[in-house]
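Remember, predicted model here, so these are calculated numbers, not experimental data. Quick note on labels: first sequence line is chain A, next is B, and so on, each numbered from 1. We use all heavy atoms of the structure for the numbers below, so side chains are in, but hydrogens, waters and symmetry mates are not.
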Protein chains: 2
Amino acid sequence: MSQQRHGSTPGNAGAVPAFPDLPEATIARLPEYLRALHHLAETGADTISSEGLAAAAGVNSAKLRKDLSHLGSYGTRGVGYDVALLVDQIEYILGLDQRRAVCLVGVGNLGHALAGYAGFASRGFRIVALFDADPARVGEQINGLTVRHFDELPRVAAAEALAIGVIATPANAAQAVADGLVAAGVTSILNFAPCVLSVPPGVDVRKVDLAIELQILSFHEHRKASLTALPGGRENAGGQEAVGS
Amino acid sequence: MSQQRHGSTPGNAGAVPAFPDLPEATIARLPEYLRALHHLAETGADTISSEGLAAAAGVNSAKLRKDLSHLGSYGTRGVGYDVALLVDQIEYILGLDQRRAVCLVGVGNLGHALAGYAGFASRGFRIVALFDADPARVGEQINGLTVRHFDELPRVAAAEALAIGVIATPANAAQAVADGLVAAGVTSILNFAPCVLSVPPGVDVRKVDLAIELQILSFHEHRKASLTALPGGRENAGGQEAVGS
DNA sequence: GTTTGTGAACACCTTCACAGCA
DNA sequence: TGCTGTGAAGGTGTTCACAAAC
């Protein structure tokens, strides 16, 4: 699913900085490779073949090799990839060595759960602030952090170098929150609210929407049902599936 | 982000059932169109142009028209689309008229939040059961439902026609849960656990992973920083962005 | 005149298959 | 011999631009 990306660094011909411009599809898979590599490292593996890593990450090996080749890749023919080296490479590319500061806006049902999510820290992010617009919620302690009023965002953004804002508010508040984040200098937003955000050029938005995921699955249920119900007789499907976001 | 889909209904040439086989990318956008249409319907609009609907859904109008044309579309040239008709069409295609039964496995931090998510019911789904493997959690009441032990899944699956299973367990339990769901006849899975699931042919899996989303945003932060830091001088970007899952 | 529906061009991504290197 | 890196082929998805329909 399911985000856009217009705009492309128009001028700037010639002097390209030393930053590989990876295909978007590749970028989206790097975190999965990284996870698989961390597992492998824990099990003591020093090297891993493209076949093995691909299996662990749930992709096919040709795709994996092409993805890694884009980062200038450090594989050895006849052997495979050096696990530790590849971890470093991918973490560098993803910018995970920076421990970016994340703030979370909206401490309702979902926001609470996100604030308590352990995966943040373990993956190179620090939650530095929780915000809500509801005065009744301000002051509450969650996971060692105090909920502040959304008005304090600019102050916090100035103090910490806020990199990413996570929106977990109701849909009708989300655009205003996004505007506030952008005004405070945040240039990456992860939006859990079920609505389309509009943001200025240079700001990246990704969206996660439970209802949309369920509806996509519902479509496939519907499709599968209509295939088994009507046609020929036997066989209802032939291949494994797992739908493409 | 980012799922696969192999397998394709191999035999079955000829007698194709009356079910349009939409591009996966189109399917992923239909729920967004639907949401926009519901908003429009509330504001009293009877018809909407492709331009207007596209803006509301955050896509460009050519894409929207092509998407809708795949469903045999009911637009009128010079006028636009009939809002109510289009809502019905899309809800039919997505199979939302069936109010599919959903179960949720794993009632921890995230599971609690998902169980309380109001969007379920409002989008044509019924949560019919909550499961957990921890006896300490069994019996707890959440949002009017009682948490049951995961062992009871087969019984519940038999009683209700379970269509979709949502996995909100830790990663190390997720594969076992998926196996259990599949064994109980569930053919669609929404996985919030940070791991790759393997499932037999005919089962659809979609994955939602907070850490991956953050890492993708981190990459773009890194990229943006390396563009403003090094090259020429001025201009850091030119276009709006919003990254592609 | 307005707006849809769509062929054709283009861009992106995946997969194959093998040359090249350890 | 084994496995990576990659050109080339094939698919899928997007965008353009315009003819057809209202």
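As a whole-Å value, the separation of A:Leu86 CG from D:dG5 C1' is 14 Å. For the pair A:Asp82 CG and D:dG5 C1', the interatomic distance rounds to 17 Å; values are reported in whole Å. For B:Asp67 and D:dT15, the CG to P distance is 11 Å, given to the nearest whole Å.
Residues from residues 45-56 of chain B placing a heavy atom under 4.0 Å of any atom in DNA chain C, listed by number, are B:Ser49, B:Ser50.
Counting atom types as modelled, B:Lys66 pairs no side-chain N or O with a base atom of D:dT14 as donor and acceptor under 3.5 Å.
Under 4.0 angstrom from either OP1 or OP2 of D:dG5 there lies no side-chain N or O belonging to A:Tyr74. Residue B:Asn60 places at least one side-chain N or O under 4.0 Å from the OP1 or OP2 atom of D:dT15.
Side-chain contact between A:Gln215 and B:Leu30: absent, with no pair of heavy atoms (C-beta onward) separated by less than 4.5 Å. No side-chain heavy atom of A:Val166 sits less than 4.5 Å from a side-chain heavy atom of A:Val105. B:Tyr74 places none of its side-chain heavy atoms less than 4.5 Å from the side chain of B:Leu68. When side chains are defined from C-beta on, B:Leu53 counts as touching B:Leu86, because their heavy atoms get closer than 4.5 Å.
Applying the side chain to side chain contact (heavy atoms under 4.5 Å, CB included) rule to B:His39 yields the partners B:Arg35, B:Glu42; only residues at least two apart in sequence or on another chain are considered. A search for side chain to side chain contact (heavy atoms under 4.5 Å, CB included) contacts involving A:Ala55 returns nothing, not counting sequence neighbours.
For B:Tyr81 and B:Tyr33, the ring centers sit 6.0 Å or farther from each other.
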Would you give a per-nucleotide map of nucleotides 17-22 of chain D, 5' to 3', where B means the base has a protein non-hydrogen atom under 4.0 Å away, S means only the sugar-phosphate does, and - means neither?
B-BBBB
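Sequence order on DNA chain C of the closest nucleotides to B:Leu68 and A:Lys63 puts B:Leu68 first from the 5' end.
When all heavy atoms of A:Phe125 and A:Arg99 are compared, the closest pair comes out as O-NH2, 3.6 Å.
Looking at A:His38 and A:Arg123, their side chains do bring a donor and an acceptor atom within 3.5 Å of each other.
B:Asp21 CG: 12 or fewer foreign heavy atoms inside a 6.0 Å radius.
Mapping heavy-atom proximity under 4.0 Å, the span of DNA chain C touched by chain B runs 5' to 3' from C:dT2 to C:dA8.
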When the side chains of residues 188-195 of chain B are checked against the rest of the protein, which donor-acceptor pairs come out under 3.5 Å, sequence neighbours left out?
unit_1   : atom_1 : unit_2   : atom_2 : d
B:Ser188 : OG     : A:Glu221 : OE2    : 2.6
B:Asn191 : OD1    : B:Ala193 : N      : 2.9
B:Asn191 : ND2    : B:Ala193 : O      : 3.2
B:Asn191 : ND2    : B:Cys195 : O      : 3.3

